[in-house]
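Below: the structure, in structure tokens.
Only heavy atoms go into these numbers, but all of them, side chains included; no hydrogens, no water, no symmetry mates. Computed from a prediction, not measured in an experiment: that's the story for all the values here.
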Amino acid sequence: MDISPSRVRQLQARGLDASTKLDLTDEPADAVIFLTLPTPNDGLAYDLRALTEGTAAVGRALAATDRRHTVVVRSTVPPGTTDGLVRSVLEHSSGRTEGEGFGLAANPEFLRAATAGEDFRNPWMTVIGSRDLRAVAQLRHLLTPYGGKLRTFSDPAEAELVKCANNLFNATKISFWNELWLVARRANLDLDDIAATVADAAEGSWNPRYGIRGGAPYGGVCLPKDTRGFLGYAEEIGVEMPLLRAVVETNDRMVEVVDQEADVAVSIPFARASTPATV
């Protein structure tokens, strides 16, 4: 279903069942409705108007049938959107209650612009988030044959954050190496071989578990001294490194958070045991 008549005609010309209006009256029970709507940014925020309008259209279609169907959010959205915006719009538009009147889940897509079709047919990762066990089982059955790893979460917001974090991590890595490229160019060095060597040498590159725990700042000797020392080197050669500076600032903030939490933990008195402990 698409609101663009020309797009619908293109899909129909390819032999697909396409329409500008969603009609569920003749669909068998437990149909899966995927919301794959654009969620562009509007400054420093997501523009969820298309998602809201599309969700309302699905809700109206649900109201016109007595069968239970499952609505799945595929779009990239901020955490909490499926359980919040989408659920409330569906309930308001359909007059039904999530869980009883319809199923609801998040199933973010991981598609690259240049290879979207291939990535859909052969996903390297499928993520499902739902509080509805029936919806999870339904999506497992539907998507497992496509292959790749499959992860499920009991909170849709966790699946939504997986997709956001995926894109943020990719963007951060690209900007990190662009900062290094600026340094290497100023120092008359070829970054390609350097970067390829780092990809094999740095544990943060070859160990997928390195540094992903969260809640703990980096420490030791090398990381604190080299992040600060290299900022000074970059300044000497006239290269700004805002990303590296943010790395240091974030770590300093985490040190403060950990110290504050440790102080709170120490200040809580231990409860005296009612009976002596026996060793």
Side-chain angles (χ1 to χ4, degrees), residues 36-48 74-79 81 106-127 148-149 151 157-218 222-254:
T36 57
L37 294 149
T39 56
N41 72 295
D42 181 9
L44 297 179
Y46 285 96
D47 182 349
L48 300 179
R74 290 277 283 176
S75 305
T76 303
V77 295
T81 301
N107 171 225
E109 57 188 11
F110 299 87
L111 307 178
R112 295 167 293 185
T115 57
E118 179 63 23
D119 293 341
F120 178 85
R121 289 186 292 270
N122 298 285
W124 60 89
M125 174 67 71
T126 296
V127 175
K149 296 180 180 179
R151 298 285 188 273
E158 293 175 319
E160 292 164 336
L161 184 54
V162 166
K163 177 55 188 297
C164 291
N166 181 83
N167 288 351
L168 299 178
F169 180 73
N170 286 341
T172 300
K173 185 172 183 179
I174 291 169
S175 287
F176 169 82
W177 282 108
N178 277 328
E179 278 196 355
L180 263 294
W181 179 82
L182 292 171
V183 170
R185 185 177 65 168
R186 184 61 58 90
N188 294 318
L189 301 173
D190 183 356
L191 185 66
D192 289 347
D193 287 341
I194 295 170
T197 303
V198 172
D200 291 333
E203 188 174 357
S205 181
W206 55 261
N207 179 0
R209 299 293 178 183
Y210 181 86
I212 67 168
R213 183 164 65 93
Y218 59 73
C222 293
L223 300 187
K225 80 172 180 65
D226 288 333
T227 49
R228 285 177 163 79
F230 202 87
L231 275 175
Y233 166 75
E235 186 175 343
E236 289 178 1
I237 63 174
V239 177
E240 284 290 325
M241 300 190 72
L243 182 56
L244 181 56
R245 190 173 300 279
V247 168
V248 174
E249 293 172 353
T250 297
N251 199 65
D252 290 344
R253 193 177 308 120
M254 282 305 305

> Passes side chain to side chain contact (heavy atoms under 4.5 Å, CB included), Val183 versus Phe230? Steps please.
Replying inline: CA-CA 10 Å; Val183 170; Phe230 202 87; 3.8 Å; yes
> Thr227 and Tyr218: side chain to side chain contact (heavy atoms under 4.5 Å, CB included), yes or no, with the steps?
Replying inline: CA-CA 11 Å; Thr227 49; Tyr218 59 73; 3.4 Å; yes
> Going through the distances and angles, do Val198 and Trp177 end up as a side chain to side chain contact (heavy atoms under 4.5 Å, CB included)?
Replying inline: CA-CA 11 Å; Val198 172; Trp177 282 108; 3.7 Å; yes
> Where do Leu161 and Glu158 land on the side chain to side chain contact (heavy atoms under 4.5 Å, CB included) test, with the steps shown first?
Replying inline: CA-CA 5 Å; Leu161 184 54; Glu158 293 175 319; 5.8 Å; no
>> Run the salt bridge (Lys or Arg N to Asp or Glu O under 4.0 Å) test on Arg228 and Asp252 for me, step by step, so that the C-alpha distance in whole Å, both residues' side-chain angles and the decisive distance to 0.1 Å come before the verdict.
In response: CA-CA 11 Å; Arg228 285 177 163 79; Asp252 290 344; 2.8 Å; yes
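No donor-acceptor pair under 3.5 Å is formed between the side chain of Glu235 and the backbone N or O of Glu240. A donor-acceptor pair is defined here as one N or O able to donate and one able to accept, closer than 3.5 Å; no such pair exists between the side chain of Trp124 and the backbone of Lys149. Judged by distance alone, the side chain of Asp47 and the main-chain N or O of Pro40 form no donor-acceptor pair under 3.5 Å. Looking only at distances, no side-chain donor or acceptor of Asn41 sits under 3.5 Å from a matching main-chain atom of Tyr46.
Atom CG in Asn166 sits 9.0 Å away from atom OG1 in Thr76 (nearest 0.5 Å). The distance from atom OG1 of Thr126 to atom CZ of Phe110, rounded to the nearest 0.5 Å, is 8.5 Å. Residue Met241 holds its CE atom at 10.5 Å from CG of Asn178, rounded to the nearest 0.5 Å. Once rounded to the nearest 0.5 Å, the distance linking CG of Leu111 with OG1 of Thr36 reads 10.0 Å. Between Leu189 atom CG and Arg186 atom CZ the span is 12.5 Å, to the nearest 0.5 Å. Separation of atoms CD (Glu118) and OG1 (Thr115) is listed at 7.5 Å; rounding is to 0.5 Å.
Taking every heavy atom of both residues into account, Ala159 and Pro108 meet most closely at O-CG, 3.5 Å. The heavy-atom pair separating Glu109 from Lys163 by the smallest distance is O-NZ, 2.6 Å. Scanning both residues, Val127 and Asn107, for their nearest heavy atoms gives O-ND2, 2.8 Å. Taking all atoms of both residues into account, the shortest heavy-atom contact from Pro78 to Glu160 is O-OE1, 3.6 Å. Shown here for Leu180 and Leu191, the closest heavy-atom pair between the two residues is C-CD2, 4.1 Å. Taking every heavy atom of both residues into account, Thr39 and Leu48 meet most closely at CG2-CD2, 3.9 Å.
For Arg74, the CZ atom sits in a packed shell: over 12 heavy atoms of surrounding residues, nucleotides or ligands are nearer than 6.0 Å.
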